[in-house]
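Structure first, then comments.
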Amino acid sequence: MELISLKDVSIESKIKLIEKLGYRSDGIFVLDETGSKVIDKYIDEPVKIDNMFIAPGSTIFLDNNPLSVASFIEEFGEIA
Amino acid sequence: MDPEPDPIRSIAKGVVDSGIEWSEEKLDEFVYKLKNRDVIFIQDVETIDIAREVKESGEWDIYSKYVKDKELKILTQMGLTLRRLETNEEKLQELRERIFKTFGDYGLHISQFVQNEFLGKVIEFTFRKEIPKKEITKEIESLLRSIETFTMFIQKKDNPEKKARTILHRLEVLSPPTFLLCSIGGATRNVKKIMKILKNDLGDLGYSILVHSEKDIGAKKEKNLIFISKIIKNGIET
C-alpha cells in the first residue's frame with residue numbers, strides 16, 4: 001500500500017481531496033456531509049485538516065498521532 | 001475580481017497555504033487508489049514508521065505473547081513508542097498527554113512502566129513462579145491492571161516513612177500476590193530507605209523481596225524494580 005505524506009501539500013488541495021471523498025472542511029476541521037466535525041474514534045477528538053490520517057475502508061479519518069495509528073493497525077491489521 | 005465563495009477557506013488559504021497543489025487528475029487518481037485500498041494519506045509518515053518499528057521489534061514479539069487484552073496491548077505499544085520518542089521532548093510530551101487524555105493516570109502509568117523496561121522484568125519474574133502457561137497471561141495482565149494499587153513509582157521527593165506506611169497498609173488490607181516498587185536514578189536511595197523500614201514487617205505478613213537493579217553500561221540512569229511477593233510453600237500462600 002502506498003503511503004502519501006500530506007506534510008507539504010497545500011490546505012486547498014487537502015480540502016479538495018476530502019471533498020471528492022464526500023467530506024468538507026471549514027479550513028480547520030474535517031466535516032461530514034451534515035457539517036459536523038469528524039471525530040477520531042480512538043481519541044474522541046475532531047480531526048484537523050492539517051493533521052489527518054486517511055485510510056481506506058469506508059474512508060477512515062483519524063488524527064495523525066501514535067495512539068490513533070497504533071489503534072488503527074491493531075484493529076485493521078498491518079499497513080503493508 | 002471574482003468573490004471567494006467561502007470566506008473561512010480563503011482566509012486559511014491566504015495565511016497558511018503555500019504547499020504543493022494537486023491537479024484535478026491527481027486528486028481523482030488518489031481517490032481511485034483510496035477506494036481500491038491502495039493508498040493511505042498521513043500528515044507525518046514518521047508516525048507510521050514508528051508504529052511499524054514497534055510492532056516489528058523483538059520486545060513487542062515477546063510482550064504480544066502474554067498481553068492479550070486490547071487496551072493493554074495498545075498501552076504497551078505506547079510504552080515502546082514513548083521510549084523511541086525520548087530524544088524528541090516535544091513529541092514525547094505530546095504523546096504522554098495524549099495517553100493521559102484517553103486513558104487517564106492508569107493508562108499513562110502502564111505506558112511509562114513499559115517505557116522504563118519494567119514489563120520485561122515482570123514477565124521474567126512471572127516465569128520464575130512456575131505457574132501453568134495458561135495462567136501467565138492472567139498473572140501479567142492482572143499486574144498491569146492493578147498498577148494504580150499494587151505498583152508504586154518512587155520519586156526522589158517522596159517521604160520514605162509515608163510511602164512505607166502506605167505500602168504496609170495495602171499489603172495488610174488487600175493482600176496482593178505481588179507488589180512492585182519502581183525507581184529510576186536518584187530515587188533509588190529513597191527505595192533503600194523504604195525497604196529498610198519495611199524489612200521486618202514484610203516477613204511477618206508472609207512476603208519476600210526480590211530486587212532487580214539494572215545499570216547498563218553507558219545508561220544515564222539506574223533502574224530498580226522490587227518485587228514484594230507472597231511466600232508460597234507447597235503450593236499454598238502463607
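Note that the structure is a prediction, hence the values are computed from the model and not measured.
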Is [X] in contact with chain A via its backbone, its side chain, both, or neither, using a 4.5 Å heavy-atom distance?
X	value
B/K73	side chain
B/L34	both
B/D38	backbone
B/K26	neither

Separation between [atom1] of [X] and [atom2] of [Y], rounded to the nearest 0.5 Å:
X	Y	atom1	atom2	result
B/L27	A/K16	CG	NZ	7.0 Å
B/D44	A/L6	CG	CG	10.5 Å
B/Q43	A/L62	CD	CG	14.0 Å

Using ring-ring contact (aromatic ring centres under 6.0 Å, His included) as the criterion, list what pairs up with A/F53, not counting sequence neighbours. A/F72
Mind listing the closest non-hydrogen atom pair of [X] and [Y] along with its distance?
X	Y	value
A/M1	B/V39	CG-N, 3.6 Å
B/K33	A/E2	NZ-OE1, 2.9 Å
A/L67	B/M78	CA-SD, 3.7 Å
A/S71	B/I74	CA-CD1, 3.6 Å
A/P66	B/T47	N-CG2, 3.6 Å

Strictly by ring pair (Phe, Tyr, Trp, His ring centres under 6.0 Å), give each pair with a member in residues 37-77 of chain B just once, sequence neighbours left out. B/F30-B/F41, B/Y66-B/F127
Taking the side chain as everything from C-beta on, heavy atoms only, tell me whether B/I42 gets closer than 4.5 Å to A/I4. no
Which residues in residues 79-95 of chain B have any heavy atom lying under 4.5 Å from a heavy atom of chain A? B/T81, B/L95
Any idea which of B/R37, B/K70, B/Q77 has the most non-hydrogen atom pairs under 4.5 angstrom with chain A? B/R37
Salt bridge check, B/E24 against A/K20: does any charged N sit closer than 4.0 Å to a carboxylate O? yes
May I ask you to say whether A/E74 pairs ionically with B/K55, meaning some side-chain N is under 4.0 Å from a carboxylate O? yes
Please indicate whether B/K156 has more than 12 foreign heavy atoms, meaning atoms of other residues, nucleotides or ligands, lying under 6.0 Å from its NZ. no
Looking at B/Y32, I'd like to know if its OH atom is crowded, meaning that more than 12 non-hydrogen atoms belonging to other residues, nucleotides or ligands lie closer than 6.0 Å. no
Contacting moiety of A/D63, where chain B heavy atoms sit under 4.5 Å: side chain
Residue by residue, scan residues 31-47 of chain A and write down, ordered by number, those that have a heavy-atom distance under 4.5 Å to chain B; if none do, write 'none'. A/Y42, A/I43, A/E45
For a side chain to side chain contact (heavy atoms under 4.5 Å, CB included) check, start with the C-alpha distance between B/I40 and A/I54, then their side-chain angles and the critical distance, and finish with the verdict. CA-CA 6 Å; B/I40 280 179; A/I54 309 173; over 6 Å; no
Would you say A/S10's side chain and B/I20's backbone share a donor-acceptor pair under 3.5 angstrom? yes
Check the pair B/E46 / A/K7 against salt bridge (Lys or Arg N to Asp or Glu O under 4.0 Å), numbers first and verdict last. CA-CA 11 Å; B/E46 197 194 26; A/K7 207 173 196 168; over 6 Å; no
